[in-house]
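Okay, structure first, notes after.
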Amino acid sequence: MSNKYRTHNCDELRKKHVDKNVILSGWINKKRDHGNLLFIDLRDNYGITQFIIDKENSNFKELEKMQLETVIKIEGKVINRSKETINNEIKTGEVEVIIENFKVLGTCKELPLPVFSDQEYAEDIRLKYRFLDLRRKKIHENIILRSNVISFIRNEMNNLGFLEFQTPILTSSSPEGARDFLVPSRLNPGKFYALPQAPQQFKQLIMVSGFDKYFQIAPCFRDEDARSDRSPGEFYQLDLEMSFVEQEDIFKVVERLLVNTFKKFSNKKLLFDNFPKITYKDAMQKFGSDKPDLRNPLIIKDLTNIFLRDDITFEIFKKLVKSGSLVRCIVTKNTKDKPRSFFDNIDKWAKEQGASGLAYFTIEKDKELSAKGPVGKFFSKESLNEIMKSTGAEVGDSIFLACSKQKELEKITSLARDKIAKDLDLIDDDVFAFCWVVDYPMFEKDLLTNKIEFSHNPFSMPQGEIDQINFDKPLDILAYQYDIVCNGIELSSGAIRNHMPDLMYKLFSVAGYKKEVVDEKFSGMINALSYGAPPHGGIAPGIDRIVMLLANEKNIREVTMFPMNQNAQDLMMNAPSDVSDKQLKELNISLKFKE
RNA sequence: GGGGGUGUAGCUCAGUUGGUUAGAGCGAUCGCCUGUCACGCGAUAGGUCGAGGGUUCGAGUCCCUUCACUCCCGCCA
């Protein structure tokens with residue numbers, strides 16, 4: 001394409017273009033001013049081309065003063081670079097363009113942050129001037145990667161026979177799940193829409209409507225606080241749903257899709273081409289978390305029963321165990337020569353995490369087996385033998401111990417597992433370790449209120465023959481509910497859905513919802529399921545997190561074009577903002593602020 | 001809602017035990033320089049040390065309050 005702005009882009013010129021007259025447009029990326037000779041690097045989306053001009057040209061003085069990031073159009077002639085001056089860093093580095101004429105297309109004020117730099121900048125300035133930030137190489141490439149990943153996924157899904165549909169953005173608030181974003185309705189005073197937390201009910205309705213396989217790159221809105229891997233406000237899921245499927249069918253589709261995507265867009269190896277399946281229960285025991293990082297070889301072992309022995313005199317732990325606490329440990333291989341500071345740092349770190357610390361000892365053998373370390377003296381050699389047997393620990397290994405109630409214990413051992421592995425440099429950063437976490441419990445007990453609640457998704461299908469499910473022991477009911485985890489990051493969760501209204505009512509009643517409430521809150525769903533619903537299931541991998549992993553970024557804002565800050569503000573667009581009294585009046589809204 | 005970290009020039013940062021006029025690099029402005037690609041050299045401008053209060057003869061530095069950003073906990077069916 002050639003027009004008045006350019007005959008070539010900034011990544012196109014090669015040796016074969018030498019002697020051609022060309023026009024290029026772009027941003028002034030960098031100037032190198034030799035006084036009587038000036039180099040200008042012109043940048044556009046595609047690349048960089050070096051231009052050159054000397055003082056004999058009447059444009060020299062003006063170009064010399066030109067601000068970086070000014071947008072200009074340059075006309076000139078392509079010439080060869082001499083051998084010594086070839087730049088192999090850029091694709092156009094064998095040639096350069098002698099400037100004959102130029103025109104400023106867009107002026108530029110003094111920059112609040114440099115574009116030409118690999119330096120890191122304060123986030124608020126980056127977000128306020130996102131349009132400048134996005135010109136910078138790394139993030140510019142991340143955003144292009146995101147676009148390519150989405151195109152690829154869309155193409156794969158089409159090839160697999162999925163149909164892409166849009167679902168409403170203005171919908172109804174649902175009582176389960178995260179906090180909703182609400183939108184007041186002008187035509188229905190006092191009533192509110194909610195932005196969808198996910199198109200959950202719609203995609204099920206699409207299955208009931210007989211479309212068989214659906215997908216969508218779906219925006220999801222949840223009014224929850226941010227984390228580094230969680231944008232406040234909105235994010236995107238590859239939302240998909242299939243009819244007449246079992247759990248394994250979903251697994252096959254998603255595994256193939258993710259393996260293809262990750263192989264195409266990253267050089268990192270996949271640790272498993274077939275994702276291992278870990279039950280929720282195992283995950284919590286072995287890793288203390290339902291999003292285990294399987295690159296980390298450390299495994300958590302239970303030692304509770306050993307603390308019932310008389311030849312262990314670690315009285316604090318023994319007392320806690322008697323009152324219902326558990327003891328779990330992490331074994332580190334061959335750490336007997338690690339300095340005292342290594343152990344003490346981890347203990348100190350654990351205390352900073354709000355735990356009572358991590359006890360530790362190292363197993364040594366001179367003539368007899370012994371435990372070295374602050375709490376080593378509490379363990380007899382027989383008990384050490386027993387500990388080695390049940391943990392697989394060997395002489396020279398160290399054992400970190402934590403003792404508390406199950407939930408706290410899972411949390412601290414999970415964090416400790418990451419921390420210790422990092423300190424010992426056990427995590428291979430050049431691999432992706434995917435796994436499925438399966439068999440989530442249908443319900444869980446709220447520890448504060450003792451109420452039975454849905455642990456994940458109320459629409460999931462419980463496991464087992466329907467007439468044999470024991471609703472008197474709701475905590476024992478498992479669901480066809482699953483997550484995909486990669487390198488410790490939860491990529492998606494999904495489920496085989498419950499398509500039977502009677503069973504749905506029953507499950508909701510266990511969680512304390514009366515039939516009338518279910519009818520009211522989920523009328524669309526329940527009603528639809530009563531008119532011939534196919535068995536169906538699906539999943540929804542998080543697009544932002546997939547791209548984050550592929551771009552090797554630790555923060556989701558690095559793969560999001562226009563993210564909000566931690567307080568859910570868009571510093572560039574000034575959102576959220578005040579609205580006029582007229583607007584409020586139309587919506588029948590008056591503002592009342594907290595004291 | 002809670003905890004940690006950070007806040008000094010347009011940008012990135014240094015600033016010792018509380019002690020003279022708060023520094024460097026990049027950027028800006030001006031000058032010199034014809035082969036650079038992080039060009040080089042010289043000069044100049046640029047500061048409410050996030051804000052407010054306190055301790056002190058003296059505060060960028062210590063204390064209190066507060067604000068902003070960020071990380072984490074809670075929250076995230």
Side-chain angles (χ1 to χ4, degrees), chain A residues 29-42 48-57 60 64-65 67-69 79 81-90 92-93 96 108-129 132-133 174-180 197-198 200-201 220-233 235 291 349 352-355 408 411-412 415 440 442-444 448 453-460 479 481 490 493-495 507-508 511 513 521-522 540 542 554-555 557 565-567 569 571 594:
Chain A
N29 192 56
K30 189 72 187 160
K31 286 182 304 187
R32 288 173 296 280
D33 187 355
H34 291 235
N36 294 313
L37 180 72
L38 173 68
F39 296 97
I40 293 180
D41 291 341
L42 199 69
I48 286 180
T49 300
Q50 174 168 285
F51 288 77
I52 184 167
I53 186 169
D54 70 16
K55 66 173 176 190
E56 304 305 320
N57 187 307
F60 183 81
E64 204 182 16
K65 299 284 170 246
Q67 268 278 358
L68 296 187
E69 294 307 308
I79 58 167
R81 292 205 204 186
S82 65
K83 217 178 230 161
E84 323 81 71
T85 61
I86 286 174
N87 183 356
N88 291 314
E89 309 271 302
I90 53 174
T92 61
E96 61 194 358
C108 180
K109 298 200 285 187
E110 190 177 338
L111 295 166
L113 66 98
V115 171
F116 172 73
S117 170
D118 294 331
Q119 230 164 14
E120 295 192 30
Y121 301 95
E123 194 102 31
D124 38 354
I125 294 168
R126 293 183 58 195
L127 293 183
K128 183 168 179 192
Y129 297 96
L132 287 177
D133 191 38
S174 92
E176 289 288 324
R179 197 177 296 113
D180 283 318
Q197 296 184 22
Q200 180 62 38
Q201 294 189 55
C220 303
F221 306 89
R222 297 179 191 174
D223 187 4
E224 295 299 333
D225 288 349
R227 289 288 183 278
S228 56
D229 64 352
R230 201 166 82 203
S231 284
F235 60 98
K291 38 181 182 175
W349 164 88
E352 283 164 8
Q353 302 305 308
E408 275 171 67
K411 202 175 120 194
I412 189 63
L415 289 170
Y440 275 80
M442 190 79 212
F443 299 100
E444 64 188 3
L448 289 174
E453 296 181 335
F454 288 107
S455 69
H456 238 73
N457 184 327
F459 305 123
S460 295
Q481 167 85 45
E490 185 193 318
S493 53
L507 293 165
F508 268 103
Y513 291 87
K521 292 291 179 188
F522 304 103
K554 296 222 160 17
N555 193 302
R557 290 186 298 275
N565 70 8
Q566 196 165 44
N567 293 324
Q569 299 159 338
L571 299 174
K594 280 187 206 163

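Side chains are part of it too, since the values below use all heavy atoms of this structure and drop only hydrogens, waters and symmetry mates. Proteins get letters first, then strands, A, B, ... in listed order; numbering begins at 1 in each.
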Does A:Arg230 get its side chain close enough to the base of B:C76, under 3.5 Å, for a donor-acceptor pair?
-> yes
Would you call A:Pro114 and A:Tyr121 a side-chain contact if the rule is heavy atoms closer than 4.5 Å?
-> yes
Using the P atoms only, state how far B:A45 lies from B:G5, rounded to an integer number of Å.
-> 38 Å
Ion pair A:Asp41/A:Arg32, N-O distance below 4.0 Å = yes
Any donor-acceptor pair under 3.5 Å linking the side chain of A:Gln197 with the backbone of A:Cys220?
-> no
Let me know the distance between CG of A:Asp229 and C1' of B:C71, rounded to the nearest Å.
-> 12 Å
Mind checking the P distance from B:A9 to B:A22? Whole angstroms is fine.
-> 14 Å
Can you tell me, in whole Å, how much space there is between the C1' of B:C37 and that of B:U21?
-> 40 Å
Between the protein and nucleotides 28-31 of chain B, which nitrogen or oxygen pairs are less than 3.5 angstrom apart?
none

Closest of B:C76, B:G35, B:C69 to the A:Asp124 side chain is B:C69
Which comes earlier along RNA chain B counting from the 5' end, the contact point of A:Ser493 or that of A:Lys55, where each point is its nearest nucleotide?
-> A:Lys55
Which atom pair, heavy atoms only, marks the closest approach of A:Leu111 to A:Leu68?
-> CD1-O, 4.2 Å
Using a heavy-atom cut-off of under 4.0 Å over every strand shown, decide if A:Asn555 touches base, sugar-phosphate, or nothing.
-> sugar-phosphate
Atom P, compared across B:G10 and B:U29: separation rounded to whole Å | 15 Å
Under 30°, 30 to 60°, or over 60°: which ring-plane class applies to A:Phe459 and A:Phe522, parallel, tilted or perpendicular?
-> perpendicular
Flag if over 12 foreign heavy atoms under 6.0 Å of NZ, A:Lys31 | yes
Is the centre of the A:Phe51 ring less than 6.0 Å from the centre of the A:Phe39 ring?
-> no
Do any side-chain nitrogens or oxygens of A:Lys128 fall under 4.0 Å of OP1 or OP2 in B:G10?
-> no
Between B:C26 and B:C39, how far is it from one P atom to the other, in whole Å?
-> 11 Å
B:C71 phosphate, OP1 or OP2, under 4.0 Å from A:Gln566 side-chain N/O = yes
Answer with base, sugar-phosphate or nothing: what part of the nucleic acid does A:Asn565 contact at a heavy-atom distance below 4.0 Å?
-> sugar-phosphate
Verify the contact: side-chain N or O of A:Gln569 to OP1 or OP2 of B:C69, cut-off strictly under 4.0 Å; return yes or no.
-> yes
Closest to the A:Asp225 side chain, choosing from B:G27, B:C75, B:U36 | B:C75
A:Glu123 and A:Asn565 side chains, donor-acceptor separation under 3.5 Å = no
Is A:Phe454 touching bases, backbone alone, or none of the nucleic acid, heavy atoms closer than 4.0 Å?
-> sugar-phosphate
Are the side chain of A:Asn567 and the backbone N or O of A:Gln569 linked by a donor-acceptor pair below 3.5 Å?
-> no
Look at the side chain of A:Gln119 against the base of B:G25 and say whether a donor-acceptor pair falls under 3.5 Å; ignore hydrogens and angles.
-> no
Please state the C1' separation for the pair B:G60 and B:U17 - nearest whole angstrom.
-> 15 Å
Select one nucleotide: of B:C76, B:C33, B:C69, the one nearest the side-chain heavy atoms of A:Ala178.
-> B:C76
Scan A:Ile90 against the nucleic acid and name what it touches under 4.0 Å (heavy atoms): base, sugar-phosphate only, or nothing.
-> nothing
Is A:Glu224 salt-bridged to A:Arg230, cutoff N-O under 4.0 Å?
-> no
Do any N or O atoms from the side chain of A:Arg179 and from the backbone of A:Arg222 form a donor-acceptor pair under 3.5 angstrom?
-> no
Tell me: NZ of A:Lys30 to C1' of B:G40, nearest whole Å?
-> 12 Å
What nucleotide, of B:C75, B:C71, B:C73, holds the atom closest to the side chain of A:Lys411?
-> B:C73
For B:U12 and B:G47, measure between their C1' atoms and round to the nearest Å.
-> 16 Å
Please give, in whole Å, the distance from B:U36 P to A:Lys83 NZ?
-> 17 Å
N/O (side chain, A:Arg557) to phosphate O (OP1/OP2, B:C71) under 4.0 Å = yes
A:Asn567 or A:Pro458: which one's nearest nucleotide on RNA chain B is closer to the 5' end?
-> A:Asn567
Side-chain N or O of A:Ser228 closer than 4.0 Å to phosphate OP1/OP2 of B:U70 | no
Counting distance only, does the side-chain N/O of A:Ser460 pair as donor-acceptor with the main-chain N or O of A:Met442 below 3.5 Å?
-> no
B:C13 and B:G7, which share atom name C1', separated by this distance in whole Å | 12 Å
Just how far, in rounded Å, is P of B:C39 from CD1 of A:Ile52?
-> 14 Å
For A:Arg227 and B:C73, is the shortest distance between a side-chain N/O and OP1 or OP2 below 4.0 Å?
-> yes
Name the nucleic acid region contacted by A:Pro112, choosing base, sugar-phosphate or nothing; use a 4.0 angstrom heavy-atom cut-off, strictly under.
-> sugar-phosphate
Just call it for A:Leu38: base, sugar-phosphate, or nothing, with non-hydrogen atoms closer than 4.0 Å on any strand.
-> nothing
Tell me what A:Glu120 touches on the nucleic acid: a base, only sugar-phosphate, or nothing, going by heavy atoms under 4.0 Å.
-> sugar-phosphate
Taking only the side-chain heavy atoms of A:Asp41 (C-beta and beyond), determine which of B:U70, B:C37, B:C75 contains the nearest atom.
-> B:C37
Heavy atoms, side chains only, cut-off 4.5 Å: are A:Trp349 and A:Leu415 in contact?
-> yes
Whole-Å distance, A:Ile125 CD1 to B:G7 C1', equals 11 Å
Watson-Crick or G-U stems involving RNA chain B, each at least 3 pairs long, distances under 3.5 Å, ordered by first number = B:1-7 with B:67-73, B:10-13 with B:23-26, B:28-32 with B:40-44, B:50-54 with B:62-66
Measure from the ring centre of A:His34 to the centre of the six-membered ring in the base of B:C33, then say whether that distance is under 5.5 Å and the planes meet at under 30°.
-> no
Is the shortest side-chain N/O distance from A:Arg32 to OP1 or OP2 of B:U36 below 4.0 Å?
-> no
Shortest side-chain distance from A:Thr85, nucleotide among B:C11, B:C76, B:C37 = B:C37
From the options B:C39, B:G35, B:C75, select the nucleotide whose nearest atom is closest to the side chain of A:Phe116.
-> B:C39
What about A:Arg126: does its side chain form a donor-acceptor pair under 3.5 Å with the base of B:C69?
-> no
